[in-house]
Peer 1: 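Structure provided below as structure tokens; questions to follow.
Just follow the structure's listing: the first ligand is 1, and inside any ligand the first atom is 1. All residue numbers refer to positions in the sequence shown, counting from 1.
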Amino acid sequence: MLNELNGKVLIDGALVKGKGPQSPVENPANGAQIGAIATAQPAEIEAAVSAARAAFGPWAALPAVTRAKHLHALGDAIAQDADPMARLMTLEQGKPVNEARGEIMKLAETCHFYAEEATRIHGETIPNDTTDMESTVLREPIGVVGAITPWNYPAELVGWKLCGALAAGCTIIIKPAEITPFTALAIGQKCIDAGIPRGVVNVLTGPGSVVGQALVEHPGVDKIAFTGSSKVGLHIQKSATTVKRMALELGGNCPLVVTQTADLDAAVKGAARRSFRNCGQICIAINRIYVARPVYDAFITKLAEAADALTIDDGLSNPGADMGPMASAEPLAKTKEHLADAVAKGARVLAGGAAPVGDEYENGHFFRPTVVADCTHDMQIMTEETFGPIVGVAPFDTLSEAVTLANDTPYGLASYVYAKSADEIRYLGQRLDYGNVAVNNVDAGIINAPYGGRKQSGVGYEHGREGMLEYMNFKHLRVRYDLPEGAG
Ligand code: TAP
């Protein structure tokens, strides 16, 4: 699969060799070069935008059931090739194959979900002050979408935009992260296989500051759907040269509150999963944990044991490993920086704290799952997004203190609670200032409910019906009717 995608871009229905300078793509488990991408050149960017513009009218004009059939076909094509697509993702991103396969299957599910939603694009009829007038609200696709995506979920984060946009009747140009381009190109190949008309889906590779920025500034792009860091999101918002719709799904710094009534074993299991899965490189990863003081010691002891029990390996040769390497040197460096800062300010390292030892880890970006106790809010680990396999823990005495600490952040993406008391759940659920609050579970996002952040975590929603309506304009059509001649 990789050979067919190496150095290619997808423009106007054809995967073709990119004309720009090539840059290498590496396997994060061992540093070996697996392929290369070409930086899309201005003429290629123009060609992709022109193709998407030309395809927009006919695609939007198709009956919704036809667009739905294409999306179902895409879901089937992706599921059919889930194994090679998963291996490709592991090769460029590092997550173990079983986890990557799960992500590919969720992408297939997303295609089917939005295929169904496409057939339910309803409008509204609104009463007027007089009976001769009627107001109808129509939903119309926005146009050409520029989708800019990060590397941590190379399939799903493309898929949420692709499927929502196509269901609505938009066309799209995808700019994946430089370090994980091949999963996006493979999705592009599946769009061709599924018979999606040429120009509807295009994929351009290259650095965000060049290719992504060109899409942001292009007057022929009607909407930017961006997932990535708050820093780049803010830059994009400021740098658009024409008014255009924007959805910005940005960083998080997600807290977990464990109360005295919590099922401690369940809380530990949830904390270990959501702190360390995908090496903590998840926007909704648990970064920091606040535990009721009476159960604090028991919780940190058990969490350290759970962290130590996780297996770390090359996810290609060991598909069932709990953790692979981190995706690149950058998040690994930040993880070490946050660890050093916490330790210098008095935190205790209870698990991890270093790379695993062994020849097989020498050339990869591996780091052991790390639990740091007795943390305070003067430490980076409690106030900044780490995006690595490390979690800070601190005790609290009252629920109101837990809420204050949990909300003490510019971010507002997801938060978690483990508690058995309904009163505690209600109290925390109402006060946590986050777009997603998961209680007694750590899966804050499901495909049929809206998923989005507030504050510096962004604007807009993906998932659910809302994830398709983001790609639509509303039109108010107000008509005055006369009684027909001969009505009596
Ligand atoms: P970023 O560095 O922000 O990069 C995201 C994307 O933006 C990449 O494709 C990047 O391209 C591109 N980009 C960079 N500069 C750009 C510019 N000037 N104009 C247009 N595009 C530009 O984020 P990342 O390190 O890849 O991803 C991690 C971040 O994403 C974390 O903060 C995480 O929380 C966030 N995230 C959020 C969510 C949700 S749903 N809220 C989900 C996943 C991740 P290149 O990298 O190729 O240069």
Side-chain angles (χ1 to χ4, degrees), residues 23-25 37-40 45 92-93 103 146-161 164 173-184 203-218 221 224-241 244 246-254 277-287 326-334 384-388 409-414 434-436 444-445 447 450-464 466-467 470:
S23 46
V25 180
I37 51 163
T39 297
I45 296 169
E92 64 181 5
Q93 200 273 350
E103 186 181 335
I148 303 173
T149 55
W151 44 263
N152 60 331
Y153 282 85
E156 280 192 280
L157 292 170
V158 167
W160 300 344
K161 295 163 186 60
I173 303 154
I174 299 160
K175 205 304 285 177
E178 268 186 295
I179 62 172
T180 57
F182 294 122
T183 302
V203 183
L204 296 177
T205 54
S209 55
V210 179
V211 182
Q213 190 70 41
L215 293 176
V216 170
E217 292 176 13
H218 202 297
V221 174
I224 290 293
F226 171 81
T227 301
S229 60
S230 296
K231 187 171 161 228
V232 174
L234 182 60
H235 167 80
I236 285 176
Q237 191 177 54
K238 285 179 176 169
S239 65
T241 47
K244 61 181 68 177
M246 294 233 172
L248 304 171
E249 304 288 342
L250 309 177
N253 176 234
C254 307
R277 193 169 170 79
N278 199 13
C279 288
Q281 302 164 124
I282 314 182
C283 52
I284 55 166
I286 294 172
N287 288 188
M326 299 184 71
S328 75
E330 200 184 320
L332 175 55
K334 197 168 179 198
E384 291 176 25
E385 181 183 48
T386 311
F387 229 56
T409 172
Y411 298 102
L413 189 52
Y434 290 84
N436 308 272
I447 192 59
Y451 176 78
R454 49 181 73 171
K455 294 156 72 179
Q456 298 307 301
S457 289
V459 287
Y461 293 92
E462 296 192 301
H463 290 195
E466 292 79 359
E470 287 278 337

Peer 1: Check salt bridge (Lys or Arg N to Asp or Glu O under 4.0 Å) between Glu470 and all other residues, then give those that pass, not counting sequence neighbours.
Peer 2: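 Salt bridge (Lys or Arg N to Asp or Glu O under 4.0 Å) check on Glu470 returns Lys223.
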Peer 1: Given 3.5 Å as the limit, does a donor-acceptor pair link the side chain of Asn436 with the main chain of Gly445, or not?
Peer 2: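 Judged by distance alone, no pair lies under 3.5 Å.
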Peer 1: Looking at Gly252, is its backbone amide N or carbonyl O close enough to the side chain of Glu385 to form a donor-acceptor pair, meaning the two atoms are under 3.5 Å apart?
Peer 2: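 Yes.
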Peer 1: Would you mind writing out the side-chain donor-acceptor pairs for residues 451-459 within the sub-3.5 Å range, not counting sequence neighbours?
Peer 2:
{"unit_1": "Arg454", "atom_1": "NH1", "unit_2": "Asp433", "atom_2": "OD1", "d": "2.9"}
{"unit_1": "Lys455", "atom_1": "NZ", "unit_2": "Thr409", "atom_2": "O", "d": "2.8"}
{"unit_1": "Ser457", "atom_1": "OG", "unit_2": "Gly251", "atom_2": "O", "d": "2.6"}
{"unit_1": "Ser457", "atom_1": "OG", "unit_2": "Gly412", "atom_2": "N", "d": "2.9"}
{"unit_1": "Ser457", "atom_1": "OG", "unit_2": "Leu413", "atom_2": "N", "d": "3.3"}

Peer 1: Please round to the nearest 0.5 Å and tell me the distance separating atom OG1 of Thr227 and atom CH2 of Trp160.
Peer 2: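 Thr227 OG1 to Trp160 CH2: 7.5 Å, rounded to 0.5 Å.
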Peer 1: Glu384: which residues meet the salt bridge (Lys or Arg N to Asp or Glu O under 4.0 Å) condition with it, sequence neighbours left out?
Peer 2: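 Glu384 satisfies salt bridge (Lys or Arg N to Asp or Glu O under 4.0 Å) with no other residue.
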Peer 1: Give the residues near ligand 1 by chain and number, with the criterion being a heavy-atom distance under 4.0 Å.
Peer 2: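 Correct list: Ile148, Thr149, Pro150, Trp151, Asn152, Leu157, Lys175, Pro176, Ala177, Glu178, Gly206, Pro207, Gly208, Ser209, Gly212, Gln213, Phe226, Thr227, Gly228, Ser229, Val232, His235, Ile236, Glu249, Leu250, Gly251, Gly252, Cys283, Glu385, Phe387, Leu413, Tyr451.
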